[in-house]
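Worksheet for the structure shown next.
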There are 2 protein chains.
Amino acid sequence: MANIRDVAKKAGVSVTTVSRVINEHPYVKQEKRLAVLMAMEEVGYVKNINAVHLSKGTTGMIGIVLPFIDHPYFASLLNGLAHEARVHQKKLVLFQTDYEIDHELEALELLRQKQLDGLIFCSRQCNWSVIEAYQSYGTIVMCEKMDERISYTFVDHYRIFQEALGYLKKKGYERIGYCIGRRSGSNSLARETAYRDFLVEKGQPFREEWIFDGCYDLEDGDSVVQQLQDLEKKPDALLVTSDHVAAGIMSAAGKRGIRIPEDLAVIGFDNHPIARMLSITTFDLPLEEMGRNLFRQVLSSDVSSTEISATLVERKTV
Amino acid sequence: MANIRDVAKKAGVSVTTVSRVINEHPYVKQEKRLAVLMAMEEVGYVKNINAVHLSKGTTGMIGIVLPFIDHPYFASLLNGLAHEARVHQKKLVLFQTDYEIDHELEALELLRQKQLDGLIFCSRQCNWSVIEAYQSYGTIVMCEKMDERISYTFVDHYRIFQEALGYLKKKGYERIGYCIGRRSGSNSLARETAYRDFLVEKGQPFREEWIFDGCYDLEDGDSVVQQLQDLEKKPDALLVTSDHVAAGIMSAAGKRGIRIPEDLAVIGFDNHPIARMLSITTFDLPLEEMGRNLFRQVLSSDVSSTEISATLVERKTV
DNA sequence: TTGTATGCGTTATCAC
DNA sequence: GTGATAACGCATACAA
């Protein structure tokens, strides 16, 4: 396989000159430039990019850490990330973690070893302190509310939950529960806090059984409705942190004769196409734009934070 | 930043010995091994993986070429790919092409430059001949029916379409149309051929207006139903190459009082959760397993082909 | 069991 | 404008 030295020999110039024409540097006589170009053609030159990476100390690759790809929320986010990556001629390396800390560490390790120039955490399981230790090896950005030590793009889930709860209250619902993916994670915690604060303010008791976790996909809506049926005292409204779970709930409810919103109100999240299809009241979240913003942040050398706002889309499930 | 040479000096051994303990080679005295380990600790050694890549000529990275991430079909495929990649300690580099040939070429170029050890085409727009030219630079596998010159995992879309058409015929439907993403692409072509062959066999005329393309997502079902309404002579059954489009059709049909399957029968594809939710008759496709198999093939040095079979799941839309 | 020397292919520095 | 040459950091054939 021909390398830069072969080309230099063939063209009768130095490797430096070859490097110059490859990288389109100035100060190369037209005549030599052409000789190099021809030589490259003749010997079938192909640049070995690993040598470039070694020499430069960067790779132009950004790692993306997310728990699942096969989930509309992360797929939309990834879509935005991928589009922005193209704009900047960067490549995306995928780390699907299934929320296992070991997999997250792998990504961090590759950052340390200089295989990655930066890392974007779309969601995480590990402690912030372990991530913090890796910041010196490259830019890391987060998709949740952090502090001034790191760049992040976030949605104020506390405020949105507050808004959603207030909306339901205003509409006359008195027994509100919610569905969520996992209970841990800072976004989930913010929501739980908003929920608890709301209950305290309204003087209502906190009921563990009105929080349904493990809610990620369409199918999980089924089990929520099932659990609902077994409850002595049932909620009359549900905040559902994913439109797909909300859709699953509506489907399962329909099959059991539970009327929505008469028997059970539902508010979804994300405003995915399925929400429009089923006329689900939901919060619109510009996920693709979030992805693009995260990517811009990882390329920037200064830390920044940007809040993404969600807007209520009123439809027919409340 | 400390390198292998610093460690060697600190430990009072050669770089070779350090390299041996790093890579867990045999023939290193326990005593020296410990000295090296301690030295690594002391100087804060971090392996620069780009140097390894350059030296070895491989990177352990596999490129994945697909048109859209934000689509359930490709997300499921990617899910399988990602899981199998982990098993083999390989990394995935994503190329979202939007079916633009330039983006496909970028991926091929990185294979050539040794940034990628292999490439998986989940779908493509460019000609086979351009891909073929890159095979000498690394393993390439395809997700469609090819020939013995390359490894591939495929679904026999001709046969499945045949089966689907036969099934609709048997159920008494006489005016069958279909919805598809793009008309081009070998999978699409196979389906169109099956469709045309079926019509010829049954002595029915081919009607361009019963083929609806540009059908990818939920929302596209809307426009299909709209186009349907404007048709003088309407199909009484539709083969829909994505469950999500089928779901969109059902939703739009419901809003316009079109009864399914009485006025319009629908068969979906993929057997995604939404198909179960809406009781859509569909063909089950093990997408995750397809992804895993593609990944195994890209790691293997010998060419192979494996057929993935789809099975009809009878529900309530036919 | 260990070390020396060389190769991997490019970029960057500096002298001319 | 151009060219030697020194990094970049590791793996490995070969020698000992």
Side-chain angles (χ1 to χ4, degrees), chain A residues 1-40 43-61 109-117 137-138, chain B residues 1-40 43-61 109-117 137-138:
Chain A
M1 188 122 299
N3 62 24
I4 201 173
R5 218 153 14 234
D6 301 327
V7 176
K9 193 172 295 174
K10 192 89 182 177
V13 301
S14 71
V15 294
T16 310
T17 300
V18 177
S19 177
R20 286 206 181 94
V21 346
I22 290 173
N23 299 295
E24 296 174 328
H25 281 178
Y27 306 131
V28 178
K29 211 182 263 172
Q30 191 59 243
E31 174 192 327
K32 297 216 172 194
R33 157 172 274 105
L34 291 176
V36 169
L37 257 18
M38 290 199 59
M40 282 174 47
V43 302
Y45 172 73
V46 178
K47 173 192 283 200
N48 183 328
I49 211 140
N50 291 317
V52 178
H53 293 333
L54 173 59
S55 187
K56 291 203 164 178
T58 60
T59 61
M61 318 197 82
E109 212 44 46
L110 286 195
L111 181 70
R112 196 162 88 119
Q113 298 180 359
K114 293 174 168 301
Q115 178 151 5
L116 267 24
D117 293 347
Y137 301 111
Chain B
M1 188 120 301
N3 62 24
I4 201 173
R5 222 159 4 239
D6 301 326
V7 176
K9 193 172 296 174
K10 192 89 181 177
V13 301
S14 71
V15 292
T16 310
T17 300
V18 176
S19 176
R20 286 208 181 92
V21 346
I22 289 173
N23 298 294
E24 294 172 329
H25 281 176
Y27 306 131
V28 178
K29 212 182 262 172
Q30 192 58 243
E31 176 191 325
K32 298 215 171 192
R33 156 172 276 107
L34 292 177
V36 168
L37 257 18
M38 291 200 57
M40 283 172 49
V43 302
Y45 171 73
V46 178
K47 174 193 282 200
N48 182 327
I49 212 143
N50 292 316
V52 178
H53 293 164
L54 173 59
S55 187
K56 291 202 164 180
T58 60
T59 61
M61 318 197 83
E109 213 43 46
L110 286 195
L111 181 71
R112 196 161 89 120
Q113 299 180 357
K114 292 175 167 302
Q115 179 151 4
L116 266 24
D117 293 347
Y137 301 110

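None of these values were measured; they are calculated from a predicted model. In what follows, every chain begins at residue 1, and chains take the letters A, B, ... in the order their sequences are listed.
For S14(B), the side chain to side chain donor-acceptor pair (under 3.5 Å) partners at least two apart in sequence or on another chain are T17(B). Taking R33(B) as the reference, nothing meets the salt bridge (Lys or Arg N to Asp or Glu O under 4.0 Å) condition, with sequence neighbours excluded. For E109(A), the side chain to side chain donor-acceptor pair (under 3.5 Å) test picks out R112(A), Y134(A), with sequence neighbours left out.
When rounded to the nearest whole Å, the span between NZ of K32(B) and C1' of dG3(C) equals 9 Å. In this structure, L54(A) places its CG atom 14 Å from P of dA7(D), rounding to the nearest Å. Separating the NZ atom of K9(B) from the P atom of dG9(D) is a distance of 13 Å, rounded to the nearest angstrom. If you take CZ of R20(A) and C1' of dG3(D), they are 8 Å apart, rounded to a whole angstrom. In this structure, K56(A) atom NZ and dG9(C) atom P are separated by 18 Å, rounded to whole Å. Distance CD (Q115(A)) to P (dC10(D)): 14 Å, rounded to an integer number of Å. The nearest whole Å value for the distance from the CD1 atom in I4(B) to the C1' atom in dA7(D) is 16 Å. Counting to the nearest Å, the C1' atom of dG1(D) and the CD atom of E31(A) are 12 Å from each other.
Annotation: side chain of N23(A) is in contact with side chain of K47(A) (closest heavy-atom distance under 4.5 Å). Counting heavy atoms from C-beta on, the side chains of V18(B) and Y45(B) never come closer than 4.5 Å.
The nearest pair of heavy atoms linking M61(A) to Q115(B) is SD-NE2, 3.0 Å. Across all non-hydrogen atoms, the minimal contact from V7(A) to V36(A) is CG1-O, 4.0 Å. Closest approach of D117(A) to G60(A), counting heavy atoms only: OD2-N, 2.7 Å. When every heavy atom of A11(B) is checked against every heavy atom of A39(B), the shortest pair comes out as CB-CB, 3.7 Å.
The stretch residues 43-53 of chain B comes close to DNA chain D through Y45(B), V46(B), K47(B), N48(B), A51(B), V52(B), each having a heavy atom under 4.0 Å from the strand. Residues from residues 21-28 of chain A with heavy atoms under 4.0 angstrom of DNA chain D, sorted by number: Y27(A), V28(A).
Contact between the side-chain N/O atoms of S14(B) and the OP1/OP2 oxygens of dG3(C) is found at a separation under 4.0 Å. Put simply, T17(B) has a side-chain N or O that comes within less than 4.0 Å of OP1 or OP2 on dG3(C). The phosphate of dG3(D) has neither OP1 nor OP2 within less than 4.0 Å of any side-chain N or O from T16(A).
The side chain of N3(B) lies closest to dC10(D) when the candidates are dT10(C), dT2(D), dC10(D). Here dT10(C) is the nucleotide among dA11(D), dA12(C), dT10(C) with the atom lying nearest to any side-chain atom of R5(A).
With the nearest nucleotide of DNA chain C identified for both K29(B) and K114(B), K29(B) has the one nearer the 5' end.
The bend of the helix from dT1(C)-dA16(D) to dC16(C)-dG1(D), defined by the angle between the axes of its first five and last five pairs, stands at 30° to the nearest 10°.
Without hydrogens or angle criteria, T59(B) side chain to H53(B) main chain gives no donor-acceptor distance under 3.5 Å. Counting only distance, with no hydrogens or angles, the side chain of N3(B) and the backbone of D6(B) share a donor-acceptor pair below 3.5 Å. The backbone N or O of K114(B) sits less than 3.5 Å from a side-chain atom of N50(A), completing a donor-acceptor pair.
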